[in-house]
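Since the structure is predicted, the reported quantities are computational estimates derived from the model, not experimental observations. By convention here, the first residue in the shown sequence is residue 1.
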Amino acid sequence: MALPGARGRGWAAAARVAQRRRHTAGAGGRPGPEPESRRAALYVHWPYCEKRCTYCNFNKYVPRAGGVEEAALRSCLVTEARTLLHISGVRRVESVFFGGGTPSLASPRTVAAVLEAVAAAAHLPADSEVTLEVNPASAPGARLAAFGAAGVNRVSIGLQSLDDRELQLLGRTHSARDALRTLAEARRLFPGRVSTDLLLGLPAQRTGPWLQQLRELLQHCDDHVSLYQLSLERGTALFSQVQRGALPAPDPDLAAEMYLEGRAALREAGFRQYEVSNFARNGALSTHNWTYWQCGQYLGVGPGAHGRFVPLGAGGHTREARIQTLEPDNWVKEVMLSGHGTRKRVPLGELELLEEVLAMGLRTDVGVTHQHWQRFAPRLSLWDVFGASPEVGELQAEGRLLLDDRFQASRKVERKSSM
């Protein structure tokens with residue numbers, strides 16, 4: 001899928017220069033196809049938020065009184081992106097995702113600088129998906145347009161709820177009106193490339209009012225909606241409120257009912273449920289997230305970012321799980337010293353990788369095809385592994401799994417969608 005979008009002049013210039021230099025260029029100066037080991041997605045983590053939401057335990061920080069030293073952070077994001085591209089040997093970046101934190105608090109200049117660095121160090125196709133997570137409180141129309149000029153062509157809006165009382169409970173800084181206004185501006189600037197998130201399973205939430213929210217959202221949304229069940233995480237304010245009895249514990253049966261009713265409403269509106277929590281119509285799937293679910297390589301840049309790739313010199317076999325240093329100040333020091341802030345490297349064994357292939361693939365409506373499986377286990381078929389399994393037999397008998405013994409890419413292992 002190609003998602004054309006605006007490009008900053010700096011990015012375009014850097015891409016042209018790099019393309020002329022790149023020894024992989026084919027006829028007509030266009031880069032030739034890269035092997036899979038040389039392709040990856042890129043995730044960039046912006047670690048700061050205006051405040052911490054009551055349910056959030058992500059790696060994020062509220063800036064000190066003096067604010068964020070963005071020039072230093074920008075420089076280190078650029079440096080780490082270049083370093084990890086070099087370490088990985090990646091020559092083609094399929095997509096870029098700016099997440100957080102609240103990356104819409106960053107300046108468009110920071111986004112442009114990272115994209116220009118990537119385009120100079122690897123091939124970043126003109127139709128690559130470049131996504132920015134957006135908080136409605138920090139993204140007025142003019143700012144969204146500036147991000148578009150910097151190279152963003154898709155936005156993901158953390159709407160979460162269209163009920164102001166629920167938004168206050170969640171500690172969000174925007175109102176339902178703010179969310180709908182930002183959604184309208186985003187659709188005007190990025191038609192067909194706007195995603196929205198809606199939470200379900202909040203304390204005291206009921207199916208009927210929540211479905212009304214979803215139906216209202218369907219009157220305003222674009223072609224991608226994500227439904228996420230609230231997870232009470234230890235250490236968050238919301239967890240503490242439930243623990244001490246100030247709020248009722250979320251009801252899992254009600255959450256399941258909301259999910260099933262929401263899924264039906266989205267299907268009726270023409271959305272395809274292509275992953276457990278994600279729905280798209282008109283082909284507007286998140287290609288970046290699809291890389292995760294297909295166990296493609298991805299590089300994680302920024303404080304606390306995660307990555308999965310095969311470093312150069314590993315013989316093309318040993319994939320590593322990498323985690324960057326969590327604390328922004330420490331991460332900056334490490335990047336300035338070593339060119340990157342990788343805190344943890346874990347080589348993935350063959351079994352661990354195949355477990356990820358199954359766990360991620362079975363989240364999707366495609367499942368795991370024989371062809372996809374053999375990219376990771378060329379000498380071991382799905383039927384060899386699971387054909388005689390009593391557990392698999394039980395799941396098949398219940399209609400929850402399909403497994404065939406014919407090696408055709410059109411046939412698949414598929415889990416029926418459920419909570």
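Gln273 contributes atom CD, which lies 10.5 Å from atom OG1 of Thr364 (distance to the nearest 0.5 angstrom). The line from CE of Met258 to CD of Glu261 is 10.5 Å long, rounded to the nearest 0.5 Å. To the nearest 0.5 Å, the span separating CZ on Arg322 from NE2 on His340 amounts to 6.0 Å. Interatomic distance, CG of Leu211 versus CG of Leu217, reported as 12.0 Å (0.5 Å rounding). If you take OG on Ser286 and CZ on Arg154, they are separated by 4.5 Å, rounding to the nearest 0.5 Å. A distance of 10.5 Å separates CD in Glu275 from CG in Leu285, rounded to the nearest 0.5 Å.
Looking at Ser95 and Glu129, their side chains never bring a donor and an acceptor atom within 3.5 Å of each other. Neither side chain, Ser88 nor Gln297, offers a donor N or O lying under 3.5 Å from an acceptor on the other. In this model, a donor atom of one side chain and an acceptor atom of the other lie less than 3.5 Å apart for Glu334 and Thr325.
Between the side chain of Asp222 and the backbone N or O of His224, no donor-acceptor pair lies under 3.5 Å. The main-chain N or O of Leu169 is found under 3.5 Å from a side-chain atom of Thr54 such that the two form a donor-acceptor pair. Using modelled atom types, no side-chain atom of Glu80 and backbone atom of Leu77 make a donor-acceptor pair closer than 3.5 Å. Of the possible polar contacts, none joining the Tyr43 side chain to the His288 backbone as a donor-acceptor pair under 3.5 Å is found.
Within 6.0 Å of NE2 in His86 there are 12 or fewer heavy atoms belonging to other residues, nucleotides or ligands. Under a cut-off of 6.0 angstrom, the local environment of CZ in Arg375 is crowded, with over 12 non-hydrogen atoms contributed by other residues, nucleotides or ligands.
Between Trp293 and Trp290, the ring planes are perpendicular. Angles over 60° get that label, and only those under 30° would be called parallel.
Using a 4.0 Å cut-off between charged side-chain N and carboxylate O, Glu356 and Arg308 make a salt bridge. With respect to Asp329 and Arg64, a salt bridge is recorded, a charged nitrogen being found less than 4.0 Å from a carboxylate O. Ion pairing between Arg187 and Glu185 fails under the 4.0 Å rule for side-chain N and carboxylate O.
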Side chain to side chain donor-acceptor pair (under 3.5 Å) between Ser381 and Gln374, worked out: CA-CA 7 Å; Ser381 75; Gln374 290 191 316; 5.9 Å; no

Evaluate the side chain to side chain donor-acceptor pair (under 3.5 Å) criterion for residues Asn59 and Tyr61: first the C-alpha distance (whole Å), next the side-chain angles of each, then the deciding distance (0.1 Å), finally the verdict. CA-CA 7 Å; Asn59 185 47; Tyr61 305 84; 2.7 Å; yes

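Ring centroid separation for the pair Tyr292 and His306 does not come in under the 6.0 Å cut-off.
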